[in-house]
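Notes to accompany the following structure.
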Amino acid sequence: MTDWGFESADRGDRAPIDAGVSSALDAAITADVASIARIDAIASILEIVCRTTGMGFSAVARVTKERWVACAVRDEIAFGLLPGGELSVKTTICDEIRSSGQPVIIDHVAADENFRAHRTPALYGFQSYISMPIFLPNGAFFGTLCAIDPRPAKLNRPEIVGMFKNFAELIAFHLDAQERAAKQDAALFDERQTAELREQFIAVLGHDLRNPLASIDAGARLLLKQRPDEKTAALVGHIQSSVRRMAGLIDDMLDFARGRLGGGFALNRDSDAALAPALEGVVNELRAAWPERALETAFALAHSVDCDPARIAQLLSNLAANALKHGRGPVRILARTDDDAFELTVSNQGDPIPPETANRLFQPFFRTAQKSNQGLGLGLYIASEIARAHGGALGVESSAAETRFTLKIPRIASNARPAEGRL
Amino acid sequence: MGAASAKPTIALIVEDEFLVRMLAVDIFTDSGFEAIEAANADEAIRILESRGDIEVIFTDINMPGSLDGVSLAYVVRRRWPSIRTIVTSALRMPGNRPLPEGSMFLAKPYQSSQITHAVRALTEAPGRGAL
C-alpha cells in the first residue's frame with residue numbers, strides 16, 4: 001500500500017466517525033449505496049472518468065451533513081476504499097460542495113492558491129482533484145461524482161467539466177427512476193394485499209353466514225317432520241324459501257369473490273360430462289319452484305361436451321330464473337350439440353330489454369331500477385364468467401317478439417389456453 | 001343393517017350446529033339407526049375411546065376444536081379402521097383434500113335416502129377404497 005492508503009476508515013484523524021448517527025439514517029444510506037450499485041452504467045462511467053482524466057481513483061459518494069460513504073469506486077492506485085467504505089465527512093472537500101452546491105476542480109494542489117494549504121489534500125496525499133455535485137430532479141443534494149490522483153492533471157477544461165456534469169445528471173436520473181419504480185411496486189403490493197384481504201373477508205363472511213342458515217333450514221325441516229297443520233306447514237314453507245334465497249345470495253357472493261377478486265377457481269372439467277341430467281335437474285327444480293309457469297325444453301345432446309356440468313347447470317339456473325322473474329309466457333330452453341360446439345338458449349316473451357341496458361346486463365351488481373328483492377345482480381355476471389371460463393360466450397338478443405340468451409362454448413376444450421379455465 | 005336387524009347399527013353424528021345435528025339424528029333414527037351425538041371432533045374421539053359398538057360416523061367438515069371433519073376421518077381410519085365415515089359439508093366439494101379409505105363425501109343438504117345409500121355403499125364394500 002502506498003502512503004496515502006489506509007485499511008479502515010476509522011484510523012487516526014482521517015476518519016473519526018460520529019458514532020451518534022441514528023440507525024435509521026444508516027439504513028437510508030445503505031439503501032442509497034444499494035441504489036447506486038443497481039445502476040449498470042456506473043462502472044463504465046467511473047472507467048471513462050479515469051481514462052479521460054488519467055486519474056487513478058474515481059468514486060460516487062453519498063454525502064450528508066454527517067457522513068461521506070463511497071457508493072461505487074474505481075481504484076487503480078490502491079487508495080484502499082471499497083463501496084460502503086466511509087471517510088469522516090469533515091476531512092473531505094465534498095462537505096464544502098454540499099454546502100456550496102458548486103463543483104471543485106484542482107489541477108495541481110501545490111500550484112493552487114486556495115488549496116495549497118488545505119488540510120484534505122495533505123491528509124489523503126493527492127495533487128489533482130475534481131468533484132461534481134449530484135442533484136436529484138427534486139433539487140435534493142445526493143452526493144458527488146469525484147476523482148483524485150497523487151499526480152497533477154489537466155482538469156479545468158470545458159470537455160472534462162462538461163463530462164462530469166453530464167455523468168452527474170445521468171446518475172441523478174437513474175436514482176430518480178429507481179425511486180419511482182420502487183414507489184410503484186409498493187403501491188402495487190398494497191393493492192394486491194387489499195384485494196386478498198377483501199377476498200378473504202368475503203369467504204369468511206360467506207362461510208359464517210351459511211352456518212346459521214343451515215340451522216334455520218334444519219329447524220324448518222324438523223318442524224315439517226312434526227306433522228304440522230296446514231297453516232304452520234305453509235309458514236315453514238315460507239321460511240324455507242327465504243333460506244333458499246339467502247343461500248343463493250351467499251353462493252353468488254362467494255363466486256363473485258373468487259372470480260373477481262383474484263384467486264379464481266378452476267373448472268371441474270369432465271371431457272365426457274353428463275350434461276343432460278345436470279340440465280334436467282335444474283329444470284325440475286325450477287318447475288317445482290314455479291308450478292304456475294310453463295317450461296318448455298328440447299335437448300339434443302348427441303355429442304360429448306368437455307365442460308364443468310355443475311357450472312353449466314348453474315348458468316342455466318341463473319338464466320332461467322331470470323326469464324321466469326322478468327318475462328311472461330312460457331320459458332323455452334334449448335340445448336344442442338354439433339361437431340364443434342355446445343349451444344344453450346333460454347328465451348321468454350315480455351318487454352324487450354332496451355339496448356343501453358343490454359350492454360350492462362353482464363356487469364356485476366347490475367339491477368334494474370323498478371324492482372327490489374331481486375338479488376345482488378350477480379346472476380348474469382356469474383353466468384357470463386362461466387361462459388368465459390369455458391372459452392365461450394354468453395349473449396343476449398331482445399325484441400318485441402322475445403328475449404333470448406344464448407350460450408355457446410366449444411365442445412372440446414382448447415389446449416392452447418389451459419389457464420383460462422378460471423372464473 | 002338398520003331397521004331389519006335385531007340390533008340397530010350405531011351411528012355417531014358429529015356436528016356443531018345444534019339444529020343441524022338434531023335433524024341429522026332425526027334422519028338417522030328414522031332410517032333405523034341408533035344415533036349418538038357429538039358437538040365436535042374432540043368429543044367424538046372421547047366417545048369412540050369409551051365404547052366399541054359404533055359402526056358409522058357422520059361428521060360435518062367445518063367445526064370448532066382441534067380437528068375438522070376430514071382430519072377426524074383420518075384419525076378414525078388409523079385408530080378404528082373398521083368404522084366407516086361419511087363427511088358432509090354445505091360447500092360444493094370437500095376442498096382439495098382427499099378422504100381416507102373407508103369414507104365418502106355427502107353434500108348438504110342431504111335426504112334420508114342418500115344417507116341410507118351412503119351407509120350401505122360403505123359397509124357393503126369394505127375392501128374397496130374411498131368412494
Side-chain angles (χ1 to χ4, degrees), chain A residues 202-227 236 239-241 243-244 246-255 257-259 263-270 278 281 284-285 288 308-315 317 382 386 423, chain B residues 3 11 13-33 35 37-41 58-65 68-71 86-99 104-117 131:
Chain A
I202 292 177
V204 169
L205 182 70
H207 179 255
D208 287 356
L209 287 175
R210 268 194 181 127
N211 275 342
L213 200 59
S215 273
I216 296 170
D217 185 50
R221 285 171 72 180
L222 283 165
L223 280 176
L224 285 180
K225 295 182 84 177
Q226 308 299 311
R227 302 182 193 286
V236 174
I239 293 175
Q240 285 188 308
S241 100
V243 165
R244 273 194 295 276
M246 181 88 181
L249 293 178
I250 294 170
D251 284 346
D252 283 357
M253 193 173 74
L254 289 177
D255 278 349
R258 277 190 287 254
F265 56 83
L267 287 180
N268 202 4
R269 272 186 190 274
D270 182 349
N284 289 338
E285 271 175 37
D308 182 339
R311 287 290 173 193
I312 299 293
Q314 185 186 5
L315 175 144
S317 173
I382 290 168
I386 290 171
L423 192 134
Chain B
I13 315 296
V14 192
E15 165 70 60
D16 59 318
E17 289 281 337
F18 170 72
L19 283 170
V20 177
R21 186 168 73 241
M22 207 169 143
L23 177 66
V25 166
D26 227 54
I27 291 174
F28 270 82
T29 310
D30 286 355
S31 308
F33 294 88
E37 300 175 46
N40 54 55
F58 185 76
T59 180
D60 187 25
I61 290 184
N62 297 295
M63 292 178 293
D68 68 5
V70 176
S71 305
I86 299 167
V87 175
T88 182
S89 171
L91 298 171
R92 288 193 180 98
M93 274 170 284
N96 42 16
R97 297 159 68 191
L99 294 175
M104 66 176 287
F105 177 74
L106 186 63
K108 286 183 188 174
Y110 37 78
Q111 305 298 326
S112 132
S113 59
Q114 288 173 290
I115 288 178
T116 329
H117 280 130
L131 294 160

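Convention: sequence-line order gives letters A, B, ...; per-chain numbering from 1.
- Put simply, the side chain of B:Leu23 reaches to within 4.5 Å of the side chain of A:Lys225, judged on heavy atoms.
- From A:Ile216, atom CD1 reaches atom CD of B:Glu17 across 9.5 Å, with rounding to the nearest 0.5 Å.
- When all heavy atoms of A:Ala218 and B:Leu19 are compared, the closest pair comes out as CB-O, 3.4 Å.
- At a threshold of 4.5 Å between non-hydrogen side-chain atoms, the residues A:Arg221 and B:Met22 do not count as touching.
- For the side chain to side chain donor-acceptor pair (under 3.5 Å) test, residues two or more places apart in sequence or in another chain that qualify with B:Arg21 are B:Glu37.
- Every residue two or more places apart in sequence or in another chain that forms a side chain to side chain donor-acceptor pair (under 3.5 Å) with B:Asp60 is listed here: B:Lys108.
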